[in-house]
Amino acid sequence: MFALCDCNNFYASAERLFRPELNGKPVVVLSNNDGCVIARSEEAKACGIKMGDPEFLVRDLIKKFSIQVFSSNYVLYGDMSERVMHNLGRWFPRLDVYSIDEAFGWLGGVKDLGNYVPKIRESVVRNTGIPVSIGVAPTKTLAKLANKMSKRTGGVLVLDSDEKIKAAVNDFPAHELWGVGRQHYKKFESLGIRTAGELRNMPEMWFKQHMTILGQRMWNELWGRPAIPLEAVRETKKGITVSRSFRNYIEQPEILAEALTLYASRLAEKLRREKLRCLYLQVFLYTNKNREDHPQHFPSHTHKLLIASNNTTDLVSIAVRVSARLFRAGVKYRKAGVIATGLVPENELQLNAFFDHDNGKKDTVSAVLDKLNLAYGRGTLRMASEGYEKKWRLKHEYLSKGYTTRWADIIKVK
DNA sequence: TCTGGGGTCCTAGGACCC
DNA sequence: TCTGGGGTCCTAGGACCC
């Protein structure tokens with residue numbers, strides 16, 4: 001049996017944990033640049049705030065219901081996530097951490113699930129302060145379904161018989177299934193399919209034809225036959241991205257170069273942290289697609305490196321050069337990013353017979369950079385091309401403190 | 001009038017996830 | 001005026017190989 005454990009309204013719960021006076025009050029967390037709503041407490045949902053709502057469109061609701069607003073604080077969420085996962089790990093022989101607030105656990109051989117599962121939930125809540133819900137079923141897809149249904153029934157739901165599964169799928173909306181997005185739902189609608197129960201009664205070939213092999217897997221999973229295995233060890237990543245929207249539009253190539261310098265520096269740091277190097281570096285620019293009156297431009301280019309690298313100097317110089325070529329005058333750019341692919345382990349460096357390698361000099365520079373920035377704070381030592389003013393940098397006006405990660409921000413008990 | 005078969009790699013686009 | 005960021009997988013088509 002699989003268990004899906006997920007934190008309720010995770011970011012909102014994490015923020016409220018250190019502001020107990022907000023318990024029972026509406027709370028929302030905004031995306032980067034304070035753009036749109038990405039987490040809501042139950043009270044905020046009841047005020048009519050929807051997932052993904054742009055902040056400027058719900059400003060009136062926020063004011064009307066005195067909703068507490070937070071910018072996203074990923075350092076805090078990352079740390080709280082680690083605590084939750086660590087606690088979950090005590091209860092499962094194998095744990096597959098699926099996202100920052102979700103994990104699949106393997107419950108093979110546990111006899112009294114009805115007794116065991118609620119204990120997991122109570123323990124995590126007691127040890128971390130983060131409320132979680134747990135759904136249990138014979139497949140991952142059904143465990144996800146059970147998890148969603150459990151939010152209405154006290155946070156735990158175990159589907160351990162064909163009868164229970166049948167009752168659950170007949171009561172579950174097809175568009176809320178794991179793996180069903182807007183496009184698939186449109187197809188279901190046109191056929192009059194509303195519930196997961198109606199959906200799984202369609203023939204297997206229908207799934208294969210209309211939803212590719214992923215649909216075929218879903219069909220099996222809905223009938224209780226596991227088609228998606230537990231990944232106790234996550235495979236190494238295929239790519240690493242750093243991209244951000246700008247606070248204001250960028251219309252000058254030299255300002256764009258500043259942003260790309262920062263993003264490529266961050267990307268190099270991420271690669272070094274994961275002990276990887278990249279063979280390809282993709283650079284892309286975006287305009288604001290919500291503005292039909294602006295000229296649109298979404299250029300992108302992938303640069304192939306002669307030797308795999310994770311050095312800040314290498315990646316920054318490529319990113320800046322490529323972005324200058326992609327840039328078009330008279331266009332208002334809203335966002336840019338860099339993607340590293342062709343990832344290889346740091347210590348398996350393949351040299352190039354026709355190209356001079358510097359015998360690790362740049363690696364030494366990067367190591368010094370990381371060491372200084374770790375000791376004295378991120379950005380202490382950085383590339384000069386990052387600029388000084390950085391007016392394009394993210395907006396986060398409602399940022400909470402680093403309660404669990406910064407000594408200066410630790411809560412004092414009187 | 002008639003021009004093979006089997007494969008890999010890469011890219012772009014679509015769909016979905018949290 | 002103001003609409004996030006970081007991922008995965010699948011498919012189709014083009015270019016190329018023998």
Side-chain angles (χ1 to χ4, degrees), chain A residues 4-11 28-39 49-60 62 69-74 77-78 81 96-104 140-141 144 147-148 175-188 207-218 227-228 231 234-249 263 266-267 270 274 279-280 282 284 286-294 298-302 304 332 334-343 394-397:
Chain A
L4 177 67
C5 317
D6 129 314
C7 304
N8 301 345
N9 315 325
F10 181 48
Y11 298 169
V28 299
V29 179
L30 302 178
S31 64
N32 267 337
N33 234 11
D34 293 341
C36 39
V37 175
I38 54 168
I49 306 262
K50 288 193 288 299
M51 190 68 174
D53 276 349
E55 183 270 341
F56 74 96
L57 289 181
V58 291
R59 211 168 276 163
D60 290 345
I62 289 171
V69 178
F70 290 96
S71 303
S72 18
N73 183 345
Y74 289 106
Y77 312 150
S81 171
D96 170 7
V97 177
Y98 179 66
S99 75
I100 194 164
D101 73 330
E102 272 182 44
F104 288 102
K140 278 184 163 182
T141 302
K144 288 278 283 189
N147 174 279
K148 275 204 184 171
H175 65 270
E176 285 189 32
L177 279 171
W178 191 38
V180 172
R182 275 240 279 292
Q183 300 307 314
H184 289 141
Y185 184 58
K186 264 192 221 159
K187 270 177 215 152
F188 301 167
F207 279 82
K208 178 114 193 252
Q209 272 167 18
H210 292 91
M211 302 168 70
T212 76
I213 195 163
L214 299 169
Q216 198 174 16
R217 250 175 244 165
M218 180 185 299
I228 308 171
E231 292 174 49
R234 285 263 141 199
E235 287 187 20
T236 50
K237 284 185 194 156
K238 308 269 191 310
I240 298 180
T241 307
V242 174
S243 76
R244 297 276 180 280
S245 299
F246 312 129
R247 178 184 288 242
N248 310 107
Y249 293 118
Y263 303 167
R266 287 267 184 281
L267 183 63
K270 278 190 181 183
E274 309 242 348
L279 268 168
Y280 298 92
Q282 186 184 350
F284 64 88
Y286 279 176
T287 43
N288 185 353
K289 60 179 183 301
N290 296 308
R291 289 292 299 260
E292 283 167 17
D293 51 330
H294 288 183
F298 305 98
S300 137
H301 182 260
T302 306
K304 186 176 193 306
K332 295 175 192 292
R334 192 73 234 288
K335 178 178 175 174
V338 279
I339 306 174
T341 51
L343 305 181
L394 284 182
K395 186 163 79 174
H396 42 67
E397 274 170 34

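Just so you know, these numbers use all the heavy atoms, side chains as well, and skip hydrogens, waters and symmetry mates. Here is how names work: the chains are called A, B, and so on, in the same order as the sequence lines, proteins then strands, and each is numbered from 1.
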*Using atom CG of A/Leu4 as one end and atom C1' of B/dC18 as the other, report the distance to the nearest whole Å.*
11 Å
*asked:* Please tell me whether A/Gln282 and A/Ser300 have a donor and an acceptor in their side chains that are separated by less than 3.5 angstrom.
replied: yes
*For C/dG7, does either OP1 or OP2 sit under 4.0 Å from a side-chain N or O belonging to A/Ser99?*
no
_Using a heavy-atom cut-off of 4.0 Å across all strands, would you classify A/Leu177 as base, sugar-phosphate, or nothing?_
sugar-phosphate
*Would you indicate which nucleotide in C/dG4, C/dC10, B/dC18 comes nearest to any side-chain atom of A/Ile38?*
C/dG4
_Closest-nucleotide mapping onto DNA chain C: is A/Arg291 or A/Ser245 further toward the 5' terminus? I mean the 5' end._
A/Arg291
*Can you tell me if the side-chain N/O atoms of A/Thr241 get under 4.0 Å from OP1 or OP2 in C/dG7?*
yes
*May I have the distance from A/Lys148 (atom NZ) to B/dC17 (atom P), rounded to whole angstrom?*
8 Å
_I want to verify a distance call: between C/dG6, C/dT8, C/dC9, whose nearest atom is closest to the A/Leu214 side chain?_
C/dC9
*asked:* Please tell me if A/Arg182 has a side-chain N or O lying less than 4.0 Å from either OP1 or OP2 of B/dC17.
replied: no
*Using a cut-off of 4.0 Å on non-hydrogen atoms, how would the nucleic acid contact of A/Leu57 be classed: base, sugar-phosphate, or nothing?*
nothing
_A/Tyr74 and A/Asn32 side chains, donor-acceptor separation under 3.5 Å_ = no
*Can you tell me the distance, in whole Å, between the CZ atom of A/Phe188 and the P atom of B/dC16?*
9 Å
_Given B/dC16, C/dG7, C/dC10, the nucleotide with the shortest approach to the side chain of A/His184_ = B/dC16
*Taking atom CG of A/Leu394 and atom CZ of A/Arg247, what is their separation to the nearest 0.5 Å?*
8.0 Å
*Nearest listed nucleotide, side chain of A/Asp101, among C/dC10, B/dC18, C/dC9*: B/dC18
*Give a yes or no on whether A/Lys187 atom NZ has more than 12 heavy-atom contacts from other residues, nucleotides or ligands under 6.0 Å away.*
yes
*To the nearest angstrom, how far is A/Arg59 atom CZ from C/dT1 atom P?*
12 Å
*If we call it a pair only when both distances are under 3.5 Å in a Watson-Crick or G-U wobble match, what pairs with B/dA15?*
C/dT8
*Hey, what's the ring geometry for A/Phe284 with A/Tyr286, parallel, tilted or perpendicular (30° and 60° as the breaks)?*
tilted
*Can a side chain N or O of A/Lys304 be found less than 4.0 Å away from OP1 or OP2 on B/dC10?*
no
_Separation of atom CZ in A/Phe56 from atom P in C/dG4, rounded to whole Å_ = 10 Å
*May I ask you to say what A/Tyr263 touches in the nucleic acid, namely base, sugar-phosphate or nothing, with a heavy-atom cut-off under 4.0 Å?*
nothing
_I want to verify a distance call: between B/dC18, C/dG5, B/dC10, whose nearest atom is closest to the A/Lys335 side chain?_
C/dG5
*Which nucleotide sits closest to the side chain of A/Val242: B/dC10, C/dG6, C/dG7?*
C/dG6
*Find which nucleotide of DNA chain C each of A/Thr236 and A/Lys395 is nearest to by heavy atoms, and output the residue with the more 5' nucleotide.*
A/Lys395
*Rounded to whole angstroms, how far apart are CG on A/Asn32 and C1' on C/dC2?*
15 Å
*A/Arg247 side chain near C/dC2 phosphate (N/O to OP1/OP2, under 4.0 Å)*: no
*Look at the side chain of A/Tyr98 and decide which nucleotide, out of C/dG5, C/dG4, B/dC18, has an atom nearest to it.*
B/dC18
_So if I take every side-chain heavy atom of A/Lys238 and compare against C/dC2, C/dC10, C/dC9, which nucleotide ends up nearest?_
C/dC9
*Describe the nucleic acid contact of A/Ile213 in one word from base, sugar-phosphate, nothing, applying a heavy-atom distance below 4.0 Å.*
sugar-phosphate
*Looking across every strand, which nucleic acid part, if any, lies under 4.0 Å from A/Ile339 by heavy atom: base, sugar-phosphate, or nothing?*
nothing
*Give one of base, sugar-phosphate or nothing for A/Glu55, where a contact means two heavy atoms less than 4.0 Å apart.*
nothing
*Counting heavy atoms from C-beta on, name the nucleotide in B/dC16, C/dG4, C/dG7 closest to the side chain of A/Lys270.*
C/dG7
*Please give, in whole Å, the distance from B/dG14 C1' to A/Lys186 NZ?*
12 Å
*Measure the spacing between CD1 of A/Ile49 and SG of A/Cys36 and express it to the nearest 0.5 Å.*
12.0 Å
*Would you indicate what A/Gly239 reaches in the nucleic acid, counting non-hydrogen atoms under 4.0 angstrom: base, sugar-phosphate, or nothing?*
sugar-phosphate
*Would you call the rings of A/Trp178 and A/Tyr98 parallel, tilted or perpendicular if under 30° counts as parallel and over 60° as perpendicular?*
perpendicular
*May I have the distance from A/His175 (atom NE2) to B/dC16 (atom P), rounded to whole angstrom?*
13 Å
